[in-house]
K.L.:
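Structure below; questions to follow.
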2 protein chains.
Amino acid sequence: MSTDGPYLAEIAHLMGDPARANMLHALMDGRALTAKELAWLAGVAPQTASGHLAKLMDGGLLAVAVQGRHRYYRLAGPEVAQALEGLMVLAGAQTSRRRLPSRVGAELSQARTCYDHFAGRLGIGIHDALVAGGHLRVAEGGYGLTSSGEAVFMALGVDPVPTKSRRAALRPCLDWSERRPHLAGHLAAALACRCFEMAWVTRRKDSRAVTLTDAGRAALADALPGFRCDAEPAAEMPELRQAVFA
Amino acid sequence: MSTDGPYLAEIAHLMGDPARANMLHALMDGRALTAKELAWLAGVAPQTASGHLAKLMDGGLLAVAVQGRHRYYRLAGPEVAQALEGLMVLAGAQTSRRRLPSRVGAELSQARTCYDHFAGRLGIGIHDALVAGGHLRVAEGGYGLTSSGEAVFMALGVDPVPTKSRRAALRPCLDWSERRPHLAGHLAAALACRCFEMAWVTRRKDSRAVTLTDAGRAALADALPGFRCDAEPAAEMPELRQAVFA
DNA sequence: TCGATGCTACGGCCCGCGCCGTAGCATTGC
DNA sequence: GCAATGCTACGGCGCGGGCCGTAGCATCGA
């Protein structure tokens with residue numbers, strides 16, 4: 001209806017405050033954080049953060065799980081992560097257009113989590129290898145697996161059981177650092193989960209960046225011929241912590 | 001990195017003002033509008049609109065074409081439209097969660113333009129028929145056409161010439177009213193263009209909604225077996241004009 | 001040349017809202 | 001029970017920014 005013009009503004013307004021944007025950005029790895037942690041990450045006092053979190057809840061962007069005296073906030077769903085990614089594509093373009101064209105944080109563009117799946121060159125690598133191998137087909141709500149694709153997932157230890165849900169098991173998600181699609185959807189999430197379980201991929205502290213271990217590289221290359229995940233020269237710039245407040 | 005946290009906030013802030021959101025929303029059909037038209041649509045004075053447009057330009061969300069004493073503003077690119085769509089998915093969910101679950105404006109959810117291609121049940125219908133017919137394959141940056149798919153496009157009068165660009169000819173785009181993907185990309189845009197040329201689809205005044213003519217229905221069904229575009233009962237609610245200001 | 005039109009620049013008003021201080025409620029641990 | 005901790009509710013401060021009026025520049029038409 002165009003009744004959504006104003007609603008659009010409401011949602012964008014929620015994301016448009018620096019403190020709230022920092023919170024949402026911090027939650028994009030799919031984990032749940034406490035109000036205090038989010039306050040610290042956003043660079044505001046807990047009282048202020050509480051107000052922001054209430055607004056985000058009211059707007060349907062966050063979900064909360066209460067455990068004892070802690071309240072764990074997380075993104076309300078994949079659509080929220082996808083909308084944020086869409087904005088980050090623009091924010092990234094903005095960056096490269098008028099700021100430093102320089103490396104976007106070599107670690108993050110190499111490999112990171114995007115809500116519940118992998119992004120960066122790691123995510124692209126998995127996506128491209130599955131495409132090149134003919135393991136994906138176009139399905140109703142996104143991608144599906146061909147029979148060879150099912151074999152790949154089985155070999156990786158992920159059971160590609162079809163779900164009853166209308167939502168597809170796999171779907172493309174535009175990568176804001178590489179500007180090309182990687183894979184999202186619950187099968188991509190299951191694969192990421194498996195990779196963490198097997199220590200094929202490990203998380204880093206205080207960053208959405210992750211590391212592909214040698215074992216992981218071998219396992220992926222083994223089950224998925226053609227898989228590549230190029231590491232860039234990667235000049236270290238360990239100013240991750242402060243950057244959150246910039 | 002994470003330098004994009006704040007940038008994310010900047011972009012979202014730009015979209016978060018009601019007047020600017022109305023402008024962006026009005027531009028989502030891909031057309032270029034003058035500053036005065038946008039001021040009127042946004043419900044603000046021309047001076048105010050001028051300031052907003054300058055901000056949107058500065059943020060890289062709009063592009064402008066100067067013709068005589070008119071300045072025609074349009075979205076800067078498909079990424080902007082996609083980011084807006086991502087937000088509208090959330091805004092739509094919001095609507096259905098706490099407002100009327102009711103019909104989202106039957107005309108718009110039936111068929112509309114989304115930047116430069118078709119959305120709504122018309123867009124979904126084209127997408128699903130191509131999927132069901134096995135006319136799409138998963139390509140590097142999105143979808144590609146199988147040989148049978150190329151024949152379908154040729155039959156419709158659209159030359160599916162491959163481009164040198166890295167960006168795929170077709171890619172999925174999540175439909176905010178149906179919450180399922182339709183087709184975007186330059187081939188989808190070319191198809192939409194062709195449909196307007198042949199009067200298979202006609203625009204409506206003052207709305208992004210479009211109408212599939214009988215000739216269009218026949219042409220699509222002929223070239224694309226399995227194509228369906230269900231019309232809903234469609235209770236008329238012609239309050240489109242005012243709704244922009246709501 | 002002169003008026004009309006489209007658009008932008010500047011200035012002042014004012015409201016919204018982000019901020020934190022204090023205070024209050026729930027939960028945990030001693 | 002009592003102190004400590006996590007979180008939220010409320011109130012007042014302060015500023016950013018959205019709004020329009022006036023004014024100025026470019027373009028078009030007669």
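Below, each value reflects all heavy atoms present in this structure, side chains not excepted, and no hydrogens, waters or symmetry copies. Chain A is the first sequence line, chain B the second, and so forth, proteins listed ahead of strands; every chain is numbered from 1.
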K.L.:
Rounded to the Å, how far apart are N22(A) CG and dC19(C) P?
P.N.:
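Going from CG in N22(A) over to P in dC19(C) covers 10 Å.
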K.L.:
Below 4.0 angstrom from OP1 or OP2 of dG18(C), is there any side-chain N or O of K55(A)?
P.N.:
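Yes, because at least one side-chain N or O of K55(A) sits under 4.0 Å from OP1 or OP2 of dG18(C).
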K.L.:
Could you check whether any side-chain heavy atom of R20(B) comes within less than 4.5 Å of a side-chain heavy atom of L56(B), counting everything from C-beta outward?
P.N.:
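Yes - at least one pair of side-chain heavy atoms lies under 4.5 Å apart.
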K.L.:
Would you mind reading off the distance between L33(B) atom CG and dG6(C) atom P, rounded to a whole angstrom?
P.N.:
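In whole Å, dG6(C) P lies 15 Å from L33(B) CG.
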K.L.:
In terms of side-chain heavy atoms, does S50(B) have a donor or acceptor partner in Q47(B) at a distance below 3.5 Å?
P.N.:
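No.
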K.L.:
Measure the distance from CE on M23(A) to P on dC7(D) and round it to the nearest whole Å.
P.N.:
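Whole-Å distance recorded here is 11 Å.
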K.L.:
Distance check needed: dT5(D) P versus K36(A) NZ, whole Å only.
P.N.:
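That distance rounds to 8 Å.
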K.L.:
Using a cut-off of strictly less than 4.0 Å, decide whether H70(B) has a side-chain nitrogen or oxygen near OP1 or OP2 of dC28(D).
P.N.:
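It does not, given that no N or O in the side chain of H70(B) lies less than 4.0 Å from OP1 or OP2 of dC28(D).
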K.L.:
May I ask you to test the M15(A)-M15(B) pair for a side-chain heavy-atom distance under 4.5 Å?
P.N.:
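Contact flag for M15(A)/M15(B) side chains = no.
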K.L.:
Go through the steps for R74(B) and L62(B) under the test side chain to side chain contact (heavy atoms under 4.5 Å, CB included), then give the verdict.
P.N.:
CA-CA 6 Å; R74(B) 63 177 195 278; L62(B) 295 186; over 6 Å; no
K.L.:
Is there a side-chain contact between H52(B) and the phosphate of dC19(D), meaning an N or O under 4.0 Å from OP1 or OP2?
P.N.:
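Answer yes for this pair, as a side-chain N or O of H52(B) is under 4.0 Å from OP1 or OP2.
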K.L.:
Do the side-chain N or O atoms of H13(A) get closer than 4.0 angstrom to the phosphate oxygens (OP1, OP2) of dG18(D)?
P.N.:
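It does not, given that no N or O in the side chain of H13(A) lies less than 4.0 Å from OP1 or OP2 of dG18(D).
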K.L.:
Rounded to the Å, how far apart are Y72(A) OH and dG6(D) P?
P.N.:
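These atoms are roughly 11 Å apart.
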K.L.:
Quick one: which protein N/O atoms are closer than 3.5 Å to N/O atoms of nucleotides 8-14 of chain C? Pair and distance per line, please.
P.N.:
residue : atom : partner : partner atom : Å
dT8(C)  : OP1  : R71(B)  : NE           : 3.1
dT8(C)  : OP1  : Y73(B)  : OH           : 2.5
dT8(C)  : OP2  : S50(B)  : OG           : 2.9
dT8(C)  : O5'  : S50(B)  : OG           : 3.1

K.L.:
What residues form a ring pair (Phe, Tyr, Trp, His ring centres under 6.0 Å) with H182(B), not counting sequence neighbours?
P.N.:
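H182(B) satisfies ring pair (Phe, Tyr, Trp, His ring centres under 6.0 Å) with H117(B) once adjacent residues are dropped.
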K.L.:
Where the side chain of R69(B) is defined as all heavy atoms beyond and including C-beta, which of dA4(C), dT28(C), dC19(C) is the nearest nucleotide?
P.N.:
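Given the options dA4(C), dT28(C), dC19(C), the side chain of R69(B) is closest to dA4(C).
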K.L.:
Any side-chain donor paired with an acceptor under 3.5 Å for R71(B) and T34(B)?
P.N.:
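The criterion, which ignores hydrogens and geometry beyond distance, is not satisfied for T34(B) and R71(B).
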K.L.:
Expressed in angstrom and rounded to an integer, what is the separation of M57(B) atom CE from dC7(C) atom P?
P.N.:
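Value for this atom pair: 14 Å.
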K.L.:
On the ring face of F118(A), is R112(A) found with NZ or CZ under 6.0 Å from the centre and within 45° of the axis?
P.N.:
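Judged by the rule (NZ or CZ under 6.0 Å from the ring centre, within 45° of its axis), R112(A) is not positioned above F118(A).
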K.L.:
Quick one: is dG18(C) close enough that its OP1 or OP2 comes under 4.0 Å of any side-chain N or O from R20(A)?
P.N.:
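Affirmative; the distance criterion is met.
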K.L.:
Please report, rounded to the nearest Å, how far the P atom of dC17(C) is from the CG atom of L14(A).
P.N.:
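Rounding to the nearest Å, CG of L14(A) and P of dC17(C) are 11 Å apart.
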